[in-house]
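Some notes on the structure that comes next.
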2 protein chains.
Amino acid sequence: MTPQEIKERLSACARTVEAYLARCLHGRGIPQGLLEAMEYSLLAGGKRLRPVLCMTAAGVMGLDGRTVLPFAAGIECIHTYSLIHDDLPAMDDDDLRRGKPSNHKMFGEATAILAGDGLLTEAFALMGTVAETVPADRVVRAMTEMAVAAGSGGMVGGQHLDMDYTARSGVSYDELRGMHAMKTGALIRAACVSGAMLAGADGDDVRRLRVYGESIGAAFQIVDDILDEVGDEAQLGKPVGSDAAQGKTTYPSLLGIARSREIAQEHVDRAVEHLRPYSGGDADFLRSLAQYIVDRVS
Amino acid sequence: MTPQEIKERLSACARTVEAYLARCLHGRGIPQGLLEAMEYSLLAGGKRLRPVLCMTAAGVMGLDGRTVLPFAAGIECIHTYSLIHDDLPAMDDDDLRRGKPSNHKMFGEATAILAGDGLLTEAFALMGTVAETVPADRVVRAMTEMAVAAGSGGMVGGQHLDMDYTARSGVSYDELRGMHAMKTGALIRAACVSGAMLAGADGDDVRRLRVYGESIGAAFQIVDDILDEVGDEAQLGKPVGSDAAQGKTTYPSLLGIARSREIAQEHVDRAVEHLRPYSGGDADFLRSLAQYIVDRVS
């Protein structure tokens, strides 16, 4: 696929997800002020990469991606909650997110904490609804996978390590890699794995999608670190070098930009390699998407 | 059952839950500092009312309560996370919880937020594990029920309304009742309902356990408000009148203590009435437990 085709497919799929996100919190008895804060962040744009991965992984394993849309939307709710809580004054204390005031700047700290809590919880309510059309044993398995990945041995644990590492110097490459595998990698990996599980995949199929997700997650983070260093128009509202300015250890700060790029490419190669057994439009899209991530910085 | 028998059964069941809670977070790859903060609050005591309700409700519907222990433990994780986040400086700003420093006083705000996030997420991972022994369709249904109850149209929404009402005067009886039905009632109700669902209950059986849970949840809150006013040795570390001192509207402040007691008893009667079709030790325990809640303040 050409970069243009990838972009078009990515945004077509993102639009489907967004149309669902725009209505999924209504009619649930959410107090108006809280609903507003939740939707402010949930509908603030973004590539919707995680739900797209979940839906496409289901497609690779033979289940129409639209069947798992509520589950995929739940993953985006988890991603959004993590951004809201990461921005809080007690955490990264960020005033801006995607060029707009962060949630707590807009609605106050209490409401931002609750908006995050609410999005995390609604995620599981949304995921559960796919049991109307997908066999329940697959749904429980996928929900459990997602909870483990988003939890304290995954994403939440990664944020804890990130706070810890920011406060000290001498973070090693292995520590940095382990932290990012938890903080950003786990959710991206689980998006791929849960999509495959919902399609009824098992054994080697799940294992391959797990390695694919892990690898693009790692590549994604390295590219993010590079873009933070060199600047990129997609990083709206985030000044160049802001992570480094916060004293965070990054891949370029440890390895330099050239070596960081090489490692990102190695991850992408590994991701693509693991999709070798699969053909068809969805598998092609996942392969192209992996390369597309790294091409953003070449 | 005599008060002594109720107390003994309650603490025997609580001990089973606690033994499980003490090990359930280990071996999950949780960073040490975060695990410590999560267990500090999770293992700080308490009556374990919600998991006891879940296990007993399963028993009433014919499934051994021990089968749903991991699910019940998940509910306690959700309850504990809500206490940690409610105590945060941006929320109720409480320095003490059960006579000990609150989580953020002990570990700092960032870790307390993450400990809460982690407990909420692990809850769903724990719940999912009961699919090893309970049919998956029941597990998804119970997990979804729990997510809706704990979410922004339930517990999280109730906390949002509580913050809102604390900041203004003239809160009506209906507003107060509606807020508490969400903030504390929803989780107690869902504990009963999910236990019944895991046992395969449906239709009228689920409906009756829902009314039972709703009613004891309402009674429980009224009794809590009364105890806040008159003092009780069980409210360790919480000074008498602390809610009133925070400017919160309470049942006694709106209706007086005598009328509040009457309404609590009406809720208990309604709860017991809905258990009429059920016999056996578990049903007897639920009936006695309902009355026991109100007898604490007679």
Side-chain angles (χ1 to χ4, degrees), chain A residues 25 28-31 33-35 37-38 78 81-82 85 88-91 104 108-129 131 135-141 143-148 150-161 163-164 182, chain B residues 25 28-31 33-35 37-38 78 81-82 85 88-91 104 108-129 131 135-141 143-148 150-161 163-164 182:
Chain A
L25 297 179
R28 300 175 86 88
I30 305 175
L34 182 60
L35 176 63
M38 291 166 78
I78 294 180
Y81 118 78
S82 76
H85 281 193
L88 286 169
M91 304 275 206
H104 64 92
E109 222 177 312
T111 300
I113 294 169
L114 292 172
D117 292 345
L119 284 166
L120 171 56
T121 322
E122 295 311 321
F124 290 95
L126 288 171
M127 289 176 192
T129 65
D137 58 325
R138 301 181 190 174
V139 180
V140 178
R141 210 172 148 221
M143 285 173 82
T144 308
E145 177 80 20
M146 197 52 65
V148 170
S152 36
M155 188 178 73
V156 170
Q159 172 66 9
H160 178 82
L161 291 178
M163 302 291 300
D164 216 31
M182 291 168 75
Chain B
L25 297 178
R28 302 176 84 88
I30 305 175
L34 182 59
L35 177 63
M38 291 166 78
I78 294 179
Y81 118 77
S82 76
H85 280 193
L88 287 168
M91 303 276 205
H104 65 91
E109 220 176 313
T111 300
I113 294 169
L114 292 172
D117 292 347
L119 283 167
L120 171 56
T121 322
E122 294 312 322
F124 290 95
L126 288 171
M127 288 176 195
T129 64
D137 58 325
R138 301 181 190 174
V139 180
V140 178
R141 210 173 148 219
M143 286 173 82
T144 309
E145 177 80 19
M146 197 53 64
V148 170
S152 36
M155 189 178 71
V156 170
Q159 173 66 8
H160 178 82
L161 291 178
M163 303 292 299
D164 215 32
M182 291 167 76

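By convention in this document, chain letters (A, B, ...) are assigned in the order of the sequence lines, proteins followed by strands, and residues within each chain are numbered from 1. The structure presented is a predicted model; accordingly, all values stated were derived computationally and were not measured.
Of the atoms belonging to B/Leu34, heavy atoms from both backbone and side chain fall under 4.5 Å from chain A. If you measure heavy-atom distances from B/Met155 to chain A, you find no contacts under 4.5 Å at all. Of the two parts of B/Leu88, only the side chain, counted from C-beta on, holds a non-hydrogen atom closer than 4.5 Å to a non-hydrogen atom of chain A. Using a 4.5 Å cut-off between heavy atoms, B/Met127 makes no contact with chain A at all.
Highest contact tally toward chain B, considering only A/Gly116, A/Gly29, A/Pro89, A/Gly108, is held by A/Gly29 [criterion: heavy-atom pairs under 4.5 Å]. Among the candidates B/Gly157, B/Gly151, B/Pro31, B/Gly154, the residue making the largest number of heavy-atom pairs closer than 4.5 Å to chain A is B/Pro31. Here A/Glu109 is the residue among A/Arg138, A/Met163, A/Glu109 with the most heavy-atom pairs under 4.5 Å with chain B. Of all the listed residues (A/Asp137, A/Thr144, A/Leu114), the one sharing the greatest number of non-hydrogen pairs under 4.5 Å with chain B is A/Leu114. Highest contact tally toward chain A, considering only B/Ala131, B/Ala150, B/Ala112, B/Ser82, is held by B/Ala150 [criterion: heavy-atom pairs under 4.5 Å].
In this structure, A/His160 has no side-chain hydrogen bond (donor to acceptor under 3.5 Å, both in side chains) partners at least two apart in sequence or on a different chain.
When every heavy atom of A/Gly128 is checked against every heavy atom of B/Val140, the shortest pair comes out as O-CG1, 3.5 Å. Annotation for B/Met91 and A/Ala110: closest pair CE-O, 3.8 Å, computed over non-hydrogen atoms.
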Side chains of residues 117-126 of chain B: which donor-acceptor pairs under 3.5 Å do they make with residues two or more places apart or in other chains?
unit_1   : atom_1 : unit_2   : atom_2 : d
B/Asp117 : OD1    : A/His85  : ND1    : 3.1
B/Asp117 : OD2    : A/His85  : ND1    : 2.8
B/Thr121 : OG1    : B/Asp117 : O      : 2.6
B/Glu122 : OE1    : B/Arg28  : NE     : 3.0
B/Glu122 : OE1    : B/Arg28  : NH2    : 3.2
B/Glu122 : OE2    : A/Ser152 : N      : 2.7
B/Glu122 : OE2    : A/Ser152 : OG     : 2.8

